[in-house]
Amino acid sequence: MLVRLPDGSERELDDGSSAADLASAIGPRLAKDALIAVVDGEETDLGTKLHEGAEVAIVTPGSDRGLHTLRHSTAHVMAQAVLNLWPGATFAIGPAIENGFYYDFELPGGATFHDDDLATIDAEMRRIIGARQPFVRSELSAESALELMADHPYKQAIIRTVTGADSDAAAGNDLSSEVSGDVISFYRNTDDFVDMCVGPHVPHTGRLGHFALQRVSGAYWRGSEDQPMLQRIYGTAWDSKKALKEHLHRLEEAGKRDHRKLATELDLLSFPTELGGGLAVWHPKGAIVRKLMEDYSRQRHTDGGYEFVYTPHLANGKLFETSGHLDFYAEGMYPPMEMDNGEYYMKPMNCPMHCLIFGTGQRSYRDLPLRLFELGTVYRYERAGTLHGLLRIRGFTQDDSHIYCTNDQLLDEIGGLLHFVLSVLRAFGFDDFTFNLSTRDQSKSVGTAEAWDLATDALAEALRLHGLDYEVREGEAAFYGPKIDIDVRDAIGRTWQLSTIQADFNLPERFDLTYVDSDGERRRPIMLHRALFGSIERFFGLLVEHYAGNFPAWLAPVQVQVLPVADAHRGYAIDIVDRLGSAGFRAELLASSDPLGKRIRNAKMAKIPHVLVVGDDDVAAGTVGDNPRGGEVERGVEFSSFLDRLRAESRVSGE
RNA sequence: GCCCGAAUAGCUCAGUUGGCCAGAGCGCUGCUCUUGUAAAGCAGAUGUCGUGGGUUCGAAUCCCACUUCGGGCUCCA
C-alpha cells in the first residue's frame, strides 16, 4: 500500500503495516524517536495499522504533540505509582497541561498527600519507567467499561457522563482527554494497572523519565466547590534532561522577578501582618514610582478630554441596591457598618457614584460624550485563599473611567478608547496585545437585543477599524453588556489580562440617567466602563515583574547616584547632585566610609539607572564617570552631555 | 472558603531525638581605613522564636485554636 508523508512524498509499505513499521522504513533514528503518529489528522498509537492512501506523520518527542504525549503518559505512570503505593486509592482525571501534567486522586479514608510523599511517588514512577511497561490499547462497551472500573467511582462517573447516562454532570471539566463517544478505550500497563483514556500513548514507559513532581494540592472534582475535594499532584515532563533542567531554571528565573520578593529587596512596599490580609502600605521608593505612574496617567487623561472626579470610599447600602451590586456581589463586599440612617458599605466599584454625578442636573446631548475619570480606591472582600501579593488584593485603586454617550457616538468613543488605552500601555513597554470580544449570554443578561447588537457591533467595528485581530468569546460578557478585554504579553512571555472596555445598558437604566436630545426628547445614554491599568496595585506588581525591578529611567525611584571617589570629591559630588536635581532628576549622593567598590555594588543592587563616580580627574575637568545599568563604564563624560543622555533616556516612549 | 506547606534579628536563613544566657551571613551603630568601577578591617547592639492556650520538671522544638504568608482548587462586578 501507498501512504503519504508530511513532505508530500509517498512511500510503499507492506499491507498490514503499522505506523511503527513506517517509521522503521524511513530510518532507524526515526524508529527510535517515534512516539505516536498522526494518521489523516488524528493522533494515534504507533501500533495503529495504516490503510491505503493514508496521510501519516510520525510524532517525535521534541514537537508540541510529542511533548503533550510524554506528559500525558507520565501522568498515567504517576497514577499507577500512587495506586500501587496507596492500596484502595482511586483516581479521577489526569491530563497533560502546559509544561506538564497533573492527576487527581482520592486516597482511602480521606487521607491527603503531603510534600514528603512526592519523593516516594517519584521513586515508584522511576521503577515503573525502568520496567519498560507497554501501553496496550483496548476498547470496551460502556457496560463492560463500568464493570472494569467497578472500584473507581470517578471513572464510572466519567463513563456515565460521556455516554449521556448522566447529563447533569456534563457541564464540568473537559473530559476529552479521558474518553469520547460510546466506545470506551483503555490503556493497560500491567495485569494490575489499567487506565481509561482516549490516548494515544508512548509505546512503553521506558520512553519517559525526564520529569519532576512539583506540588500537591486539593482540587474539586469537576472543578465545583460543592463536589468532593480530590488530591492533585502536579508535575512537569520533557523530552530530555536538558529540557527539564532548562524549564526548572526558567521557573527559578521567573521567581527572581516575583514582585513580592523585589518589593522587599527594593524597599517598595510591604504587607504588614498587623494591617490584615490583602492590604499593602507603600514605602517612599514604591510610592514615588506609583506617583509617577499616576501623574502620567492624569496627564494623559487631561490630554484625552476626561474630566476628573472624586468620590468617597463609603456609601449607604441603598446606593448599591440601586446599582445591583448588593444583589449580585454582596459576598465580595466588606460587611456593612451599622449607621443611624442605615447600613454603609465600603465601595467595591466607582461606577454607581459616577452615575450619581451624571444624574445631578440636567444633561444635554451637547454635554456628551461625558468622560469621567477617577483614581478611585475600592475594597473587595476577596476570599482568604485567593490573595496574592499585589496581584490579588482587598484594597486597590482603579484607574476608572465612565463615559456616557449617545448611540451615535458609540463607535467613535470605543475607537478613541482603544487608541488611548494602547498608547498608554505602550508607554510602559508593552507592545504585544491580544483582544477578546465577549458577547451576550442570553440566559443571564439585561437589555434589549437591539442594544446588545448595537454595542457588540460597535466594539467589533472599532477593533476592525484599528486593524486589530480579536477572538470572540461567546456568552462571556457581563450581564449588563458586551466588552473588549485586552491582554498584554510581558518581557518573559507571560500574558496578563489588563484593560477592559465594557458597554453597559444596565446602570443608566437603574439610575434612570437621561439626557435631552436635539429634538427635545429625553433619551438614555449608553455607559462605557473603561479600566486601563485595571488596578494600580496589580499593574504596579506586573510592571515590577515585567522590568524585573529595573524601572526605566522615567520611572526609577532614584535615577542617579553620585559616588565621590574620596572625601575630597564630596563637594563636587554634591554639586552634581544639586545640578541634576535642578534639572528635574532624582539624584542622590552615595558617600560613606565604605570603599568605592562596595558603594558601586550597593547602587547596582538597588538597580539605579546611572551610577556616577567622580574623582580628581572629574573635579579638574568638570566631568563624570558614568556607569550605566546594563552598559559599559565611560570615564570623563562632560556633565552637559550626561544631562542630554539622561534627558533622552527619561522620555516616555511609545506615545 | 477548601487541600498541602510555612512563620526564629530589618533581610536571607541555621537551630539535631524537647535540656544551661537562641545562632550565622548581610544590614545597622561606632572606630580605623580615604579609596577610580559589583563585598576593607575591628568592635558593638539587635529577638516575648507570629498570637493565645495546652502537654511537660523543662517548649523555638510536641498538641489545639487563631492570625498572616506561600503553592494549588474555587471565586474574581
Side-chain angles (χ1 to χ4, degrees), chain A residues 102 104 107 110-118 214-234 255 258 260-261 264-265 267 270-279 320 323-333 347-352 378 380-389 391-393 398 478-480 483 497 500 502 504 506-507 529 531 534-535 538 563-570 591-606 611-618 624-628 632-636:
Chain A
Y102 67 78
D104 287 346
L107 301 181
T112 51
F113 286 123
H114 301 268
D115 291 351
D116 305 343
D117 295 330
L118 293 181
Q214 292 171 299
R215 59 186 90 89
V216 305
S217 91
Y220 297 109
W221 166 240
R222 292 190 198 278
S224 170
E225 247 180 316
D226 48 18
Q227 296 285 344
M229 175 156 278
L230 305 177
Q231 293 290 305
R232 177 172 295 180
I233 298 177
Y234 284 94
D258 191 307
R260 293 161 300 186
K261 188 177 155 68
T264 304
E265 286 173 8
D267 196 20
S270 60
F271 299 88
T273 302
E274 300 88 327
L275 196 55
L279 299 167
F320 300 118
S323 71
H325 288 102
L326 271 174
D327 289 341
F328 289 98
Y329 308 110
E331 280 183 14
M333 293 168 65
K347 68 172 166 180
M349 291 202 82
N350 301 301
C351 36
V378 298
R380 298 181 181 178
Y381 191 77
E382 303 283 0
R383 292 161 86 184
T386 61
L387 300 172
H388 182 90
L391 305 182
R392 195 73 180 272
I393 199 169
Q398 294 182 310
F479 71 89
Y480 52 72
K483 62 172 176 175
Q497 188 182 325
T500 182
Q502 311 184 349
D504 186 350
N506 182 49
L507 282 183
H529 301 247
S535 141
R538 178 171 176 268
L563 283 54
V565 170
D567 275 354
H569 315 116
R570 190 187 173 97
S592 78
S593 61
D594 284 329
L596 183 64
K598 178 58 174 293
R599 282 180 283 148
I600 288 169
R601 176 180 153 82
N602 287 344
K604 289 294 176 185
M605 295 209 303
V611 179
L612 299 187
V613 174
V614 292
D616 287 337
D617 300 349
D618 298 298
V624 296
D626 182 19
N627 183 338
E632 295 295 315
V633 173
E634 193 180 343
R635 293 271 300 268

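Lettering of chains follows the sequences in order, A, B, ..., and the numbering in each one begins at 1. Treat the numbers as computed from the prediction; the structure is a model and nothing was measured.
- Counting atom types as modelled, A/Tyr220 pairs no side-chain N or O with a base atom of B/G72 as donor and acceptor under 3.5 Å.
- With contacts defined as side-chain heavy-atom distances shorter than 4.5 Å, the pair A/Cys351/A/His325 qualifies.
- Among the nucleotides B/C3, B/C4, B/C11, the one closest to the side chain of A/Thr264 is B/C11.
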Self-check item: Sequence-aligned protein contact record of nucleotides 28-37 of chain B, with B where the base is within under 4.0 Å of a protein heavy atom and S where only the sugar-phosphate is
Solution: ----BBBBBB
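- Contacts of A/Glu274 with the nucleic acid, taken as non-hydrogen atoms under 4.0 Å apart, are absent.
- Counting to the nearest Å, the P atom of B/G71 and the CG atom of A/Asp117 are 21 Å from each other.
- Base-pair partner of B/C73: B/G1 (Watson-Crick or G-U wobble, both distances under 3.5 Å).
- In this structure, the side chain of A/Arg599 engages the main chain of A/Asp594 through a donor-acceptor pair within 3.5 Å.
- Once rounded to the nearest 0.5 Å, the distance linking CD1 of A/Ile393 with CG of A/Leu279 reads 6.5 Å.
- Every residue meeting the side-chain hydrogen bond (donor to acceptor under 3.5 Å, both in side chains) condition with A/Arg383, not counting sequence neighbours, appears here in chain and number order: A/Glu225.
- In this model, the phosphate group of B/C11 is not approached by any side-chain N or O of A/Arg260 to a distance below 4.0 Å at OP1 or OP2.
- Atoms CG (A/Asp115) and C1' (B/G5) sit 5 Å apart, rounded to a whole Å.
- Whole-Å rounding puts the A/Leu387 CG to B/A6 C1' distance at 16 Å.
- Taking the side chain as every heavy atom from C-beta outward, A/Asn350 and A/Gln398 approach each other to under 4.5 Å.
- Between A/Pro628 and A/Lys604, the shortest heavy-atom contact is O-NZ, 3.4 Å.
- Atom CZ in A/Arg215 sits roughly 17 Å away from atom P in B/A6 (whole-Å rounding).
- When Watson-Crick and G-U wobble pairs are counted only if both distances are under 3.5 Å, B/A6 pairs with B/U68.
- When each of B/G27, B/C3, B/A77 is scored by its nearest atom to the side-chain atoms of A/Ser217, the top-ranked nucleotide is B/C3.
- Distances were taken from every side-chain heavy atom of A/Ala384 (C-beta onward) to each of B/G1, B/G71, B/A38; the shortest belongs to B/G1.
- The separation between A/Glu382 atom CD and B/C2 atom C1' is 16 Å, rounded to whole Å.
- Across the protein-nucleic acid pair, A/Met229 atom CE and B/G72 atom C1' stand 9 Å apart, rounded to whole Å.
- Nucleic acid contact class of A/Gly110 (heavy atoms, under 4.0 Å, all strands): none.
- No contact: A/Phe328 has no heavy atom under 4.0 Å from any strand.
- Taking each heavy atom of A/Asp115 and A/Val216 in turn, the nearest pair found is OD1-CG2, 3.7 Å.
- Map A/Pro272 and A/Pro348 each onto its nearest nucleotide of RNA chain B; the residue landing nearer the 5' end is A/Pro272.
- Under 4.0 angstrom from either OP1 or OP2 of B/C73 there lies at least one side-chain N or O belonging to A/Tyr234.
- Side-chain contact between A/Met349 and A/Tyr329: absent, with no pair of heavy atoms (C-beta onward) separated by less than 4.5 Å.
- Base pairing analysis places B/U55 opposite nothing; no Watson-Crick or G-U wobble pair with both distances below 3.5 Å involves it.
- Applying the Watson-Crick and G-U wobble criteria (two distances, each under 3.5 Å), B/C42 pairs with B/G30.
- Base pairing of B/U12: its partner is B/A24, meeting the Watson-Crick or G-U wobble criterion (both donor-acceptor distances under 3.5 Å).
- Rounded to an integer number of Å, the gap from A/Asp104 CG to B/C73 C1' is 9 Å.
- Considering only heavy atoms from C-beta on, A/Leu507 stays 4.5 Å or farther from A/Tyr480 through its side chain.
- Residue A/Thr112 places at least one side-chain N or O closer than 4.0 Å to OP1 or OP2 of B/C4.
- Between B/C76 and A/Arg392, no contact under 4.0 Å exists linking OP1 or OP2 to a side-chain N or O.
- If you measure from atom NE2 of A/His388 to atom C1' of B/A6, you get 16 Å, rounded to the nearest angstrom.
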